[in-house]
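Throughout, numbering of the chain's residues begins at 1 and tracks the sequence.
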Amino acid sequence: MANTHNVTEFIFLGLSPNQDVQKVCFVLFLFLYTAIVLGNLLIVLTVMTSRSLGSPLYFFLCYLSFVEICYSSTTAPKLITDLLAEKKTISLWGCMTQLFFIHFFGGTEMFLLTVMAYDRYVAICKPLNYTTIMNRQVCTVLVGAAWVGGFVHSFAQILLIFHLPFCGPNVIDHYFCDLLPLLKLACSDTFLIGLLIVANGGTLSVISFMVLLTSYVIILLHLRTQSSEGQRKALSTCGSHITVVSLFFGPCIFIYLRPFTTLSVDKMVTVFYTVITPLLNPVIYSLRNTEVKKAMKRLWIKTMKLDEKWRVESSY
C-alpha cells in the first residue's frame, strides 16, 4: 500500500458548492435518513412480532428492510455530516471500507430481491407445494446465500480497486467513495479494470434484472388461468415487488454498465438508489399490503397499551 499509494485521504466535492444549498440539503437528508431507519425498522419489528406475518414473503421482507437500513447507513450519515463541514475528507482506508460495504449491502439486496421473486413464483405457480418447497430451512439457506453472494460481489469489487495506485489528485467529484470516481483518480491504465467492473457489477445487475423479469412474465402467463380474485391478490403483491425492483435495478444498471464515462446526473442517480429507494420500500410494501397494515395497527395498539400500563404503574 505504501509503495503504490501516495494519497492518504480523499476530498469530496459533495452535492453542491453552494453553502445555502448545503444547509437545505442537510435538513432534507437528515429527515430522509431518519425516515429510512424508522420506516424499515417498523417493518422489521412488525414482522418479528406478528404471528400473521409468518410466511416466507414477510421473512424475506424483514431481511430486506434490515439490509436497507444498513445500505443507506453506509453513505447517508457521512453525507449529512459533510454538508455542514468546510472540508469533506475521508481517509484512504475509510474510503475502501465505505466502498466495500456499499457494494456488500447493495449486492445482498440485489440477491434478496431475486429470492423474493422466486418465492412469488413458487407461491403463484406451485401453490399446493409452496409450504413444502419454501420451508423455513430453505428460506434461511436462501437468505444466507444472498449475504454470501453480496460478500463475494463486494470482495471482487474491492480487489479490483485496492491495488490501483493513487498518487494525486485526490478530489472526488461525488459524495461517497464509489468505483467510477476512483477509477478516474488512479495513476495507471484502468481499461481492463473497467471491463472487469462491468462484468462483475453491471452484467450481474442486468442478468439479475432479466431473471426477475422472466419470472414475472411466467407468473403473469400463469395468472391467466386464475380467478379474478386470485389475479387481483397476486398482482397486488407482485406489483409492490416489481416497483421496488425497477427503482433499485434501473439506476444501478445506468451507473455500472458504463465505467469509462461519468455524467453530471450520476450523483443525482446515486442519491436515488442510496437514499430514495430505501425510503420508498417500506412505503410501497406497507401501503399496498393489507396484512402488513393490519399488523402495524395491532403493534401500535399493543405499544399504546403497554405505554399506558407503564404510566399507571409509575404513578404509584
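More than 12 heavy atoms of other shown residues, nucleotides or ligands fall within 6.0 angstrom of atom CE in M268. For CZ of F272, the number of neighbouring non-hydrogen atoms (other residues, nucleotides, ligands) closer than 6.0 Å is greater than 12.
Under the 4.0 Å criterion applied to side-chain N and carboxylate O atoms, D173 and K267 are assigned as salt-bridge partners.
Taking all atoms of both residues into account, the shortest heavy-atom contact from I36 to I69 is O-CG1, 4.4 Å. When every heavy atom of T74 is checked against every heavy atom of Q98, the shortest pair comes out as O-NE2, 2.9 Å. Annotation for H174 and P181: closest pair CD2-CG, 3.5 Å, computed over non-hydrogen atoms. Among all heavy-atom pairs drawn from P77 and S72, the shortest one is CD-O, 3.8 Å. The shortest heavy-atom contact between L30 and T34 is O-OG1, 2.7 Å. The nearest pair of heavy atoms linking L99 to C177 is CD1-O, 3.8 Å.
Proximity of R51 to R298: side-chain heavy atoms (C-beta onward) are nowhere separated by under 4.5 Å. Using a 4.5 Å cut-off on side-chain heavy atoms (C-beta onward), E9 and N170 make contact. With contacts defined as side-chain heavy-atom distances shorter than 4.5 Å, the pair L164/L182 does not qualify. Using a 4.5 Å heavy-atom threshold, the side chains of L13 and Y175 count as separate. Using a 4.5 Å heavy-atom cutoff, the side chains of F100 and F151 are in contact. Here the side chains of Y63 and L112 are in contact, with some heavy-atom distance below 4.5 Å. Here the side chains of V115 and D119 are not in contact, with every heavy-atom distance at 4.5 Å or above.
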Audit row: Y33, T75, side chain to side chain donor-acceptor pair (under 3.5 Å) steps and yes/no: CA-CA 10 Å; Y33 178 62; T75 58; over 6 Å; no
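F59 carries R136 over the face of its six-membered ring, with the cationic atom under 6.0 Å from the centre and within 45° of the normal.
Rounding to the nearest 0.5 Å gives a distance of 4.5 Å between OH of Y130 and CZ of R120.
For F101 and H103, the distance between ring centers is not under 6.0 angstrom. W147 has its ring centre no less than 6.0 Å from the ring centre of F111. Ring centroids of F166 and F10 are separated by less than 6.0 Å, placing the two rings close together.
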